[in-house]
Amino acid sequence: MTDQTPHLTHSEARSAKPRFGFAQLTGFALLAVLAIGALGGPSLIGQDPAKQSLLSTFESPSRSHLLGTDNLGRDMAARLLSGAQLSLSLALLSVITAGLPGTLLGVIAAWRGGWTDRLIGAFSDAVLALPGLLLVLMLAAISPGSWWALYAGISLTLWVEYFRYTRQRARVVLSEPAVEASRLLGLSPWVLLRRHLIPEIGPGLLTLAAFGAATAVTSVAALGFVSVGLRPPTAEWGVMMTELLPYWREAPFLILQPVLCLIVTVLALHLSVGGARRP
Amino acid sequence: MIYSIEVNALSVYAGKTRLMGPISFNLSNGGTLVIMGETGAGKSLIAQAILGTLPNTLHAKGQITVNGRRVDQMRQSARRRMWGTVIATLPQEPWRALDPLMRAFRQVSEAHHYVGGKKRSLANADTAKAFETLGLTGAEKQLPNTLSGGMAQRVAFAAATAGNAPILLADEPTKGLDAERHTKVVELLAKVPKEGGTLIAITHDVSVTRRLAGEVIVLRDGALVEQGKAIDVLANPTSSYTQSLIDADPKNWPQSEKQSDLAEKRDVVLTVENLAVARSGKRLFEGFDLTLRAGERVALVGPSGIGKTTLLDAMAGLIKPEAGTVTRAQSQSRHTVQKLYQDPPAAFPARIALKHVLKDVARLHKTDWSSVLTTLEKLGIHPSLLDRKPDEVSGGELQRISIARALTVGPKVLLADEPTSRLDPITQRDTLNMLETMAAAENFAVVLVTHDRQIANKWADRTIILT
C-alpha cells in the first residue's frame, strides 16, 4: 500500500496534546472556588449575613470579620457568600431550564422537519418578540423583590437561543452522509444522538451555557443595583453595591468587594469555555 | 529566450523540515508543465509557493521569476495584485471557491468586471459567451450548492480565466468529473498554451498528462522523481514509481475475470422493476430494471446529474421511488443493502474514534469483534488506526474501513457511490481490487457507480449505461 498513514508512536499521535489550555484551567479553578463558596454559603465562616452591629461599622478585616464590616456592621464575607449563593443558583437554574427545553426542541425540530419544525420555529419567534427586560420590569412591579419573578424574567426567553443554535447545527449534521450511513447500518436514534449530534453541538452548547450564565449573573446584579431586582436587606452583589456606593470615599475597600466578585465570576465562566472549540 | 515562469531550486520548509523540493523548471509562453504525484506528494505546495499563498507555518526557499520579475522577493501586496491578471488559479475544490450566496452568472461577470476591468455590459456579454462555451447554459441563475461538482468546476474556471491572466495554475482540475466533462476541461486547459498562455497543471491522472503533454515533473513524498518531456517520460519512465502511476491508469488495468454464468448458479438478492426516481420534483428517469445476483459486480455509468445517486438511494430504501418497486430477497433483513460513499471522511462521525463507530455496529448486529478485526486485516488496515478520528487517516484507508464497516452487517448488496473518485489512482486500483476480492469471498453483489467507462469495463461483470 502506498497510501498508508504512518504509524506514529503514541507520544506523537495527534490526540495526545493537552486537552485544556492555561486560561481554561484558570477558569475551572476559579469556578471551583466560586462553587464551593456558593454551596457552603455564609455558614462556611459561621457568620450571619443579616446580623447588624451598629457599634462596629466599617471595620477593617480582622480575625472575626475576614473582609471587614459594612455600614451597618454586617460581616462582608458572609454577605458576599450569600450573594454568590443567590447569583450562581439563579444562573445555574436559568441555564438548565433554558438549555434543556431549548436543546430538546431544537433537536426535535431538526429531526422531524416539516410542520413540527415550522410550528416550534414560529413559537420561538413569537417568544423572541417579547422583550426580556420589559418582562422583568413587569414582574418586578407585580411582586417586588421576588427571587422567582427575577428568575422568570431572566430565563423565560433564554431558551430560544439554545433552540436556534441546536436546530441550525442539527439540521446540518443530520443531513450528512455519515448519518445516512449510520441509519442504513441500523443504528438507533440514541446512537445517532450520541455519536453524531452531541459531539458536534456539545461544545457550542457549553459555550452558550457559560455565556448565558455570565449574562444571568450580571443581569441579577444590574437589576439589583437599579433597585428593580432583589431588595435590601437581601445580601446580593448588586444590592450591596447600591448600599455601599454612598460610602465609597470612606471605605473604597468595601464597594470594591462585590464588584470584584462579579468580575471574577464572569471571567471564570468565560475562561472555562474559552478554548473549548479550538481545533 | 524569455521565460514566463522560471523556478530555480524551489523548496518548501516547515521550520527546518523540508516538505518539498528542490525543483527547478522553466516555461515560456505557450508552454505546459504537468506536476504529477499522489496526495501528500507536495504538488499543491509548488502552486502555493508560486502564488505566495503558503500557510504561515511554511516558507519557501529558491528563486521564482514570473515575466522577468523575482516574485519571491516581492511584498505580499504586490504579489496579490498579480492574482487574476498575471497568474490565475483554478482551485482544487471549486465549490469552496464560489460564493455560496451568489448566483453563478453574477460570480463570473463580477470577475470580468472587477478583475478584467471591463464595463458591466461587456462583462455580461463575455460571461454569457463563456457560459455557452462551457456548456453552462441554464445554470446562470443557480446558486453554487445546487450545481453539480462538474458544473461548479466550470463556473470556477470561467471566473478564474475572466481576468485573462497569461499564466494558469490548475490544481487537480479533473477531480470528480465524469468522462465527458473530464475531456472538456482538459480541452479547455489545452487551449491555454495554444493561445500563447502558460499552463501549470497539477494532477494524479496519467491521461491528463498524456493529453496536455509538454513538460512533466513527477513528485513523491516531496522529492523529485522524474522530470522531462511528457511523451518521453510516459513512454519510457526511468523510475519504478512513475511506472506504477502509469499502471494505475484504468486504461492499463488488467481485465478482471467476467463472471458470466451467474444466472444459473446464484440466488437473486435484489430486484428492481420499472423504477422511476425524481429529485426535487424533477423526474430523472423511468423504467429502470435490474436483477442483482449474489457475488455479481455491476457498474452503473452515466454523466453527472443524471441521477445515479438518487437511483442508489431508491435501491437502498432511503427514498421512496416515484414508481416501480425495489424488492429484496425474502430471507434478507433490511440492513443487507449497504452503501459506500464518495467522500470517505463525510461517511463517518467526525469527532469519534473509528473504533467506537465499528464497535457500535458490531454490537448491534451481534458480530464478533475478532471477526471485524479479521476483515480489517484482510483489507490491510492496522488495528492501531482505529484509535484515530476519521480525519487522521488517509482517504484510501478510510474507504477500506468503511468497506469493513458495511461487511460487519453481513450485506448482500453493496451500493458504492463513486467510492474511489476522490482517491489517488494507485489507491483507487487497490481499493477496487479489494472490493472485488471481498465480494467474491463474502458472496455479496456490488453496484459500482462510476463516471469512468474504463473502470467499468475492466472491473465489472456487466455495465449499465444511463443516458
Side-chain angles (χ1 to χ4, degrees), chain A residues 1-17 19-20 107 110-111 113-114 166 168-207 275-279, chain B residues 38-40 220 241 244 248 313 316-318 333-335 337-343 345-353 356-357 360-361 363-365 380-382 384-385 387-400 402 405-406 408-409 415 417 423-424 426-428 430-431:
Chain A
M1 283 302 119
T2 49
D3 185 41
Q4 199 93 48
T5 305
H7 293 274
L8 303 172
T9 55
H10 191 71
S11 63
E12 285 173 293
R14 246 210 266 178
S15 28
K17 71 179 175 197
R19 271 189 79 183
F20 303 111
V107 172
W111 194 292
T166 311
Q168 183 57 29
R169 293 285 303 143
R171 264 166 65 121
V172 174
V173 173
L174 289 175
S175 66
E176 280 170 2
V179 171
E180 189 191 284
S182 291
R183 280 195 177 136
L184 260 185
L185 289 160
L187 296 174
S188 64
W190 166 237
V191 178
L192 291 184
L193 281 184
R194 201 159 64 105
R195 296 292 191 218
H196 294 270
L197 213 51
I198 293 176
E200 284 293 336
I201 66 175
L205 281 177
L206 271 184
T207 309
R277 283 189 71 80
R278 199 170 297 151
Chain B
E38 286 186 281
T39 308
R220 185 186 194 181
Y241 180 69
S244 66
D313 285 349
L318 287 168
S333 85
R334 65 196 163 89
H335 303 309
V337 181
Q338 288 299 324
K339 230 177 127 180
L340 294 184
Y341 295 82
Q342 183 173 14
D343 187 19
F348 284 89
R351 291 163 196 271
I352 302 291
H356 298 303
V357 179
D360 283 343
V361 182
R363 200 178 307 126
L364 178 73
H365 293 278
I381 297 293
H382 195 271
S384 70
L385 286 185
D387 290 329
R388 306 202 182 170
K389 291 180 187 155
D391 59 351
E392 294 169 349
V393 302
S394 74
E397 285 167 334
L398 202 53
Q399 194 60 284
R400 279 180 275 144
S402 71
R405 176 174 69 169
T408 310
V409 187
L415 306 170
D417 191 359
L423 305 181
D424 291 313
I426 298 179
T427 319
Q428 159 163 293
D430 292 342
T431 308

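Each chain gets a letter, A, B and so on, in the order the sequences are listed, and its residues count up from 1. Scope of the values below: all heavy atoms of this structure, side chains included, with no hydrogens, waters or symmetry mates.
- Heavy-atom pairs under 4.5 Å with chain A peak, among B:Ala406, B:Ser402, B:Pro345, B:Ala346, at B:Ala346.
- Side-chain contact check for B:Asp343 versus A:Pro177: every heavy-atom pair is 4.5 Å or farther apart.
- Here B:His356 pairs with nothing under the ring-ring contact (aromatic ring centres under 6.0 Å, His included) rule; sequence neighbours left out.
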Show me, pair by pair, the donor-acceptor contacts under 3.5 angstrom made by side chains of residues 179-190 of chain A, not counting sequence neighbours?
unit_1: A:Glu180; atom_1: OE2; unit_2: B:Lys339; atom_2: NZ; d: 2.9
unit_1: A:Glu180; atom_1: OE2; unit_2: B:Tyr341; atom_2: OH; d: 2.7
unit_1: A:Ser182; atom_1: OG; unit_2: A:Ala178; atom_2: O; d: 3.2
unit_1: A:Ser182; atom_1: OG; unit_2: A:His196; atom_2: NE2; d: 2.8
unit_1: A:Ser188; atom_1: OG; unit_2: A:Val191; atom_2: N; d: 3.4

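- Proximity to chain A (any heavy atom under 4.5 Å) is shown, for B:Val361, by both the backbone and the side chain.
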